[in-house]
Structure formats: structure tokens, C-alpha cells
Amino acid sequence: MGNFLAGKVIAVTGAGRGIGRAVALAAAAEGARVVVNDYGVSMDGVSPTSEIAEGVVKEILAAGGEAVAVADDISTMAGGQRVVDVAVSSYGRIDGVVCVAGILRERMLFNMSEEEWDPVLATHLKGTFTVFRAASAVMRKQRGGTLIGFTSGNHQGSVSQANYSAAKGGIISLVRSAALGLNKYGVTANAVAPVARTRMSANVPMELAEIGSAEDVAALVVYLLSDSAREQGITGQVYTVAGPKIAVWAQPRELRAAYASGGWTVDKIAEFLPGSVGVDPMPMLSRLQEMERAAREGSRPNA
Ligand SMILES: NC(=O)c1ccc[n+]([C@@H]2O[C@H](COP(=O)([O-])OP(=O)(O)OC[C@H]3O[C@@H](n4cnc5c(N)ncnc54)[C@H](O)[C@@H]3O)[C@@H](O)[C@H]2O)c1
């Protein structure tokens, strides 16, 4: 056991399995008292059971740590609030929340139903909002705290998971908004885009060149929750952790601009835009085209 998080109270959603479980165990091993939230659902978000969260609490207690289970659905306002309420009623405060809970409902955009769109947005994006909302109200009064959202490299776009990609893009904007809005209260907010072997990544139809374990991701999360990261002023950032690699994503910014006097007309834009503003080539599209070429040639593409 280390002491990176000694004295801190940390809540982790989706902490019953995969990356969330590794985060909860690592936080407890570093001295945190942990709220283990998991609705205990299948990968597409059905058939809840409270045993999944309770199992991880037992593991933490057996290792000599302190933890309490919350088996609520964080896609509801009441569920998100309860995660934070249980932290405060059990341990008196909340120093960090880590929103890991997620589900998948894969479908091409032209076939995607409302039942495939809504629960995915509700679990990832609203499920981050509900917990951030409840936690930030307490952290504002405490004058400190750390919010961590879980995004994905797929926030750049996805062939058959537009729902997931849109939710993950939204989480980045939510995290940056939290970083801006809560900065003056001493609250930091960051996002993690992991690549790790779990049930969720098991069905990716390509060889992932850079992939690691849930424990690699947990180590980064513990660091972001620690006073060391807070002292460095780390906020509003998106980090990928993929096996041996940790990378920081660029902040969105305008790439090139053109100006016209006298207002724009369609004619002026047609003349101006291609040459002077142009496009920013989409890395995911080039990769997709390479993968399609490899598939046509009968080889399994690398990513
Ligand atoms: N594994 C990867 O390589 C990878 C890549 C990119 C992003 N991610 C993201 O990391 C996070 C964790 O993924 P994982 O691979 O550990 O998945 P996982 O399926 O192993 O675990 C997700 C957990 O979330 C729980 N959950 C689902 N809906 C919930 C709800 N409404 N309330 C509370 N708990 C709920 C599930 O019961 C499950 O235990 C997800 O947000 C995922 O999108 C993972």
C-alpha cells in the first residue's frame, strides 16, 4: 500500500468490473476510502445486480481497506446524487469522483434506434453529469476536489458507434466546462481515454498495437486524484493511457482563418474557402481507408 491518496474519499462509478474496479482497488490501496458504484449490468446495459459492486467492496475490505457499495444507476439524477450522499454520510467528505461507468449499443447510424441512442448517452454523458453535479456542489463548499471523466479515442468519430462517440465527445466538453467553472473553487477536472483489456475492448475487430491493463489506467487515475497532480495545476486535460504510452490530447483551436471585407457571399466563399481555409485531414478517415484496403487484401488490419 502506498499513501498517494491517504485521507481522501473517492467515489468510482462502474467500479464493479474492468477499469473501474482497478481504479477502486488502486485508490483503496493508496489509502483512500472508496465508494464503489456499479449497477451491475451486461455490456449493453441490462439485467442489473447489486452483487457486482458488493464483490469489489469485499475485495477492498479483505485487503484491509475501507469501502462502501452503491448499486444505483448513475444515469438518473437520484443515482448520481446517492453516490455523493453515501460518500458524505459514510466518510464526511468527497475529494474525488471518477466516472467510469459505460455501456455499448453498436449499430450503423442509418439503422440506429432511439433505444440504442438514448441509454448510451444517458449512461456515459448524463451519468458523468449526474455525479459531477452532485460532487461539485460539495467540492465548491470544501474549496477543493477532483473530477475525472472517462472518454475514448473514439471521440474523434466511430464507424458503427455514433452514440458512444457523441457521448465521449460530450464528456470532454463537460470536463473542460467543469475545469473552467470550478477553477476558482480549487476543483480540477480531467478526462482519461484508456485502451485496456476488459470485456468492453474484447470485441474490437482489429489488432490494437497499443493496449495495456486496467491497472495501467488505474495508476494514471490515482495520480490525477493525488495532491501531486493538483500541485502541478493539471486541469482541463485529456490523457490517453495505452499500455506503455501516456499521451496528452491537444486543446481544440482554430487552425486557419480567412477574412473578407464587406461580408460573405456564397460566391466569395466558393472562391476563398478551398485555397485559403481548406480542410484539416481526418486521421480516423485515413486509418479507415487503410483498414478497408487491408480487409480487401484479406489481412487483419493493425490499429
Ligand atoms: N476498455 C477499453 O479499452 C476502453 C477504451 C475506451 C474507453 N473506455 C471507457 O472506459 C470505461 C470503462 O470501460 P471497461 O472496459 O472497464 O468496461 P466494463 O464493461 O468492463 O465496465 C463498465 C462497468 O460499468 C457498469 N455500468 C454500466 N452502466 C451503469 C450505470 N448506469 N450505473 C452504474 N454502473 C454502470 C457496468 O455494470 C460495468 O461493471 C467506459 O466508460 C468505457 O467507455 C474503455
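Order of listing sets the numbers, starting from 1, for every ligand and every atom in it.
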Say whether [X] and ligand 1 are in contact under the criterion: heavy-atom distance to a ligand atom below 4.0 Å.
X      : result
Lys168 : yes
Ile211 : no
Gly127 : no
Thr151 : yes
His124 : yes
Val41  : yes

Next on the checklist: Is there a polar contact, in the sense of an N or O pair closer than 3.5 Å, between Ile74 and ligand 1?
Outcome noted: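 Among all N and O atoms of Ile74, at least one is under 3.5 Å from an N or O of ligand 1.
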
Next on the checklist: Considering both backbone and side-chain atoms of Arg199, is one of its nitrogen or oxygen atoms within less than 3.5 Å of a nitrogen or oxygen in ligand 1?
Outcome noted: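 Yes, Arg199 has an N/O under 3.5 Å of an N/O on ligand 1.
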
Checklist entry - Okay, side chain of Thr188, backbone of Thr235: is any donor-acceptor separation there less than 3.5 Å? => result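 No.
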
Next on the checklist: Is it true that Asp267 and Thr265 share a donor-acceptor pair across their side chains at a distance under 3.5 Å?
Outcome noted: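 Absent: no donor and acceptor within the cut-off.
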
Within reach of ligand 1, part of [X] (heavy-atom separation under 4.0 Å):
X      : result
Thr123 : side chain
Phe150 : side chain
Ile19  : both

Next on the checklist: Measuring from atom 22 (C) of ligand 1, which candidate in Cys99, Ala15, Gly102 has the nearest non-hydrogen atom?
Outcome noted: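 Shortest heavy-atom distance from atom 22 (C) of ligand 1: Gly102.
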
Item to check | Option with minimal heavy-atom separation from atom 5 (C) of ligand 1, where the choices are Ala196, Ser152, Pro194 | outcome: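 Result: the heavy atom closest to atom 5 (C) of ligand 1 is in Pro194.
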
Next on the checklist: Show me which atoms of ligand 1 lie under 4.0 Å from any heavy atom of Val195.
Outcome noted: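 Checking each atom against Val195, I get 3 (O).
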
Item to check | Residue Gln251 excluded, over 12 heavy atoms near CD under 6.0 Å | outcome: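 Yes.
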
Checklist entry - More than 12 heavy atoms of other residues, nucleotides or ligands under 6.0 Å from CD of Glu271: is that the case? => result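 12 or below, so no.
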
